[in-house]
Amino acid sequence: MVVTHSASNSPKDNRLLAALPEATFKALQPYLERAPMPLGSVVYESGGTQGFVYFPTSSIVSLLYVLEDGASAEIAVTGNEGLVGIALFMGGETTPSRAVVQSAGEGFRLRASVLKKVFEAGGELQHLLLRYTQALITQMAQTAVCNRHHSVDQQLCRWLLLSLDRLPDKELVMTQELIANMLGVRREGVTEAAGRLQAAGLISYSRGHISVLDRERLEARVCECYAVVKKEYDRLLRDHDFPARPH
């Protein structure tokens, strides 16, 4: 199936796709399907069959673990730097995590059968996706450490910065209740933390809209976890002329 892509939302807005050699990208391009990604939509469920991998361009997807009592916590975020659905090429087929759109936007999807065929042939795509997966695992591990050892203020700063790195502007649309679900903390804790950041002039928060006013001071306030994750993404993907993160 050949899909026509508008200039306003190109597959190369996803930095993984943009980092591919031109010949590899052109081989995949006819199979890339536009995928609207509205807020709260479920990309895949825990244990569910994954028929596609998704390459976000202007959206962010949260990977969540959901407990039997319904409580959840975010283990990683994926935006225009990566893809959603690593289990398809890592051999697992399914995963116990749940993938939910946390920031609405668009992306592109690729059928699992197409990705597997190209991945198993080896070459640059396989190498790039394996390095991306290692970076994602680093983010998951660092998130677990951060949630255990750092304050809600620091966790919120980390979450804001990771989200900003994956968006084209400095504003997020996200309620405090949803942030609390992502971080696995009480809503009151997020309210207090957001209030402190707003009082310090770092963010502006109103009716679910969060605008970052002073990124430099936000980075100074965050725990070490953000820098560890960013450094690992940059280290693992630099060799592929991975497009720079926006600031």
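Given the structure is predicted, the values throughout are model-derived calculations rather than measurements. Note that the numbering runs from 1 along the sequence shown for the chain.
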Margin query: So which atom in T143 and which in I75 form the shortest heavy-atom distance, rounded to 0.1 Å?
Written below: OG1-O, 3.5 Å
Checklist line | Which atom of R166 lies closest to which atom of G79, heavy atoms considered | finding: CD-N, 3.7 Å
Checklist line | Heavy-atom side-chain contact between L202 and L160 under 4.5 Å | finding: no
Check: Which pair of non-hydrogen atoms, one from C157 and one from L197, has the smallest distance, and what is that distance?
Finding: SG-CD2, 3.9 Å
Notebook entry, point to check: Can you name the closest pair of heavy atoms from Y44 and L63 and give their distance?
Noted result: OH-CD2, 3.6 Å
Checklist line | Heavy-atom check, side chain of V114 versus side chain of L28, under 4.5 Å | finding: yes
Notebook entry, point to check: Between R15 and E81, does a salt bridge (Lys or Arg N to Asp or Glu O under 4.0 Å) hold up when you go through it step by step?
Noted result: CA-CA 5 Å; R15 303 206 302 273; E81 88 296 350; 5.6 Å; no
Next item on the list: Group every Ile, Leu, Val, Met, Phe, Trp and Tyr by side-chain heavy-atom contacts under 4.5 Å, then state whether Y65 and M140 land in the same group.
Entry: yes
Next item on the list: Return each pair, listed once, that meets ring pair (Phe, Tyr, Trp, His ring centres under 6.0 Å) where at least one residue sits in residues 73-106; pairs must be two or more places apart or across chains.
Entry: F89-F119
Margin query: Using 0.5 Å steps for rounding, measure from the SG atom of C146 to the OH atom of Y226.
Written below: 13.0 Å
Check: Does S58 reach the main-chain N or O of E106 with its side chain, forming a donor-acceptor pair under 3.5 Å?
Finding: yes
Notebook entry, point to check: Of Y54, F52, Y31, which is the lone residue that meets side chain to side chain contact (heavy atoms under 4.5 Å, CB included) with L110?
Noted result: Y31
Margin query: Please report the interatomic distance CG(L32) to CZ(R111), rounded to the nearest 0.5 Å.
Written below: 12.5 Å
Notebook entry, point to check: Name the one of Q134, Q126, H127 that satisfies side chain to side chain contact (heavy atoms under 4.5 Å, CB included) with L130?
Noted result: Q126
Checklist line | E22 atom CD, neighbour heavy-atom count above 12 within 6.0 Å | finding: yes
Next item on the list: Starting at CZ of R221, measure out to CG of D214 and round the result to the nearest 0.5 Å.
Entry: 11.0 Å
Checklist line | same_hphob_cluster(L136, M90) at 4.5 Å side-chain heavy-atom cutoff | finding: yes
Check: With a 4.5 Å limit on heavy-atom distance, are the side chains of R215 and L161 in contact?
Finding: yes
Margin query: Less than 4.5 Å apart, side chain to side chain, heavy atoms only: is that true for L115 and L125?
Written below: yes
Notebook entry, point to check: How would you list, by chain and number, every residue that makes a salt bridge (Lys or Arg N to Asp or Glu O under 4.0 Å) with E120, sequence neighbours excluded?
Noted result: none
Note to self: Do V77 and I137 land in one hydrophobic cluster if side-chain heavy atoms of ILVMFWY residues count as linked below 4.5 Å?
What the structure shows: no
Check: Which heavy atom of H150 sits nearest a heavy atom of Q155, and at what distance?
Finding: O-NE2, 3.0 Å
Next item on the list: Quick one: pull up CG in L17 and OG1 in T57 and give me the separation to the nearest 0.5 Å.
Entry: 9.5 Å
Item checked: Non-neighbouring partners of E188 that pass side chain to side chain donor-acceptor pair (under 3.5 Å), sequence neighbours left out -> R186
Checklist line | salt bridge (charged side-chain N to carboxylate O under 4.0 Å, His left out) partners of residues 155-164, not counting sequence neighbours, each pair once | finding: none
Next item on the list: Supply the atom-to-atom distance S10 OG to Q29 CD, rounded to the nearest 0.5 angstrom.
Entry: 7.5 Å
Note to self: Rounded to the nearest 0.5 Å, what separates atom CD in E224 from atom NE2 in H149?
What the structure shows: 10.0 Å
Check: Side chain of N14, backbone of P56: donor and acceptor closer than 3.5 Å?
Finding: yes
Next item on the list: Please name the residue in the list V212, I210, I60 that meets the side chain to side chain contact (heavy atoms under 4.5 Å, CB included) test with S163.
Entry: I60
Check: Do the side chains of V228 and W159 join up, straight or via other hydrophobic residues, at under 4.5 Å, putting them in one cluster?
Finding: no
Checklist line | Side chain to side chain, Q142 and Q139, heavy atoms closer than 4.5 Å | finding: no
Checklist line | Non-neighbouring partners of A193 that pass side-chain contact (heavy atoms from CB on, under 4.5 Å), sequence neighbours left out | finding: V152, D153, L156, R196
Margin query: Side chains of M37 and V43, heavy atoms from C-beta outward: is any pair under 4.5 Å?
Written below: yes
Next item on the list: Keeping the roles fixed (side chain from S62, backbone from L64), state whether a donor-acceptor pair exists under 3.5 Å.
Entry: no
Check: So, do T24 and L128 sit near enough that their side-chain heavy atoms are less than 4.5 Å apart?
Finding: no
Margin query: Using every non-hydrogen atom in the two residues, find where L39 and S103 come nearest and quote the distance to one decimal.
Written below: CD1-N, 4.1 Å
Margin query: Going by salt bridge (charged side-chain N to carboxylate O under 4.0 Å, His left out), name the pairs with one or both residues in residues 36-56, residues two or more places apart or in two chains.
Written below: E45-R98
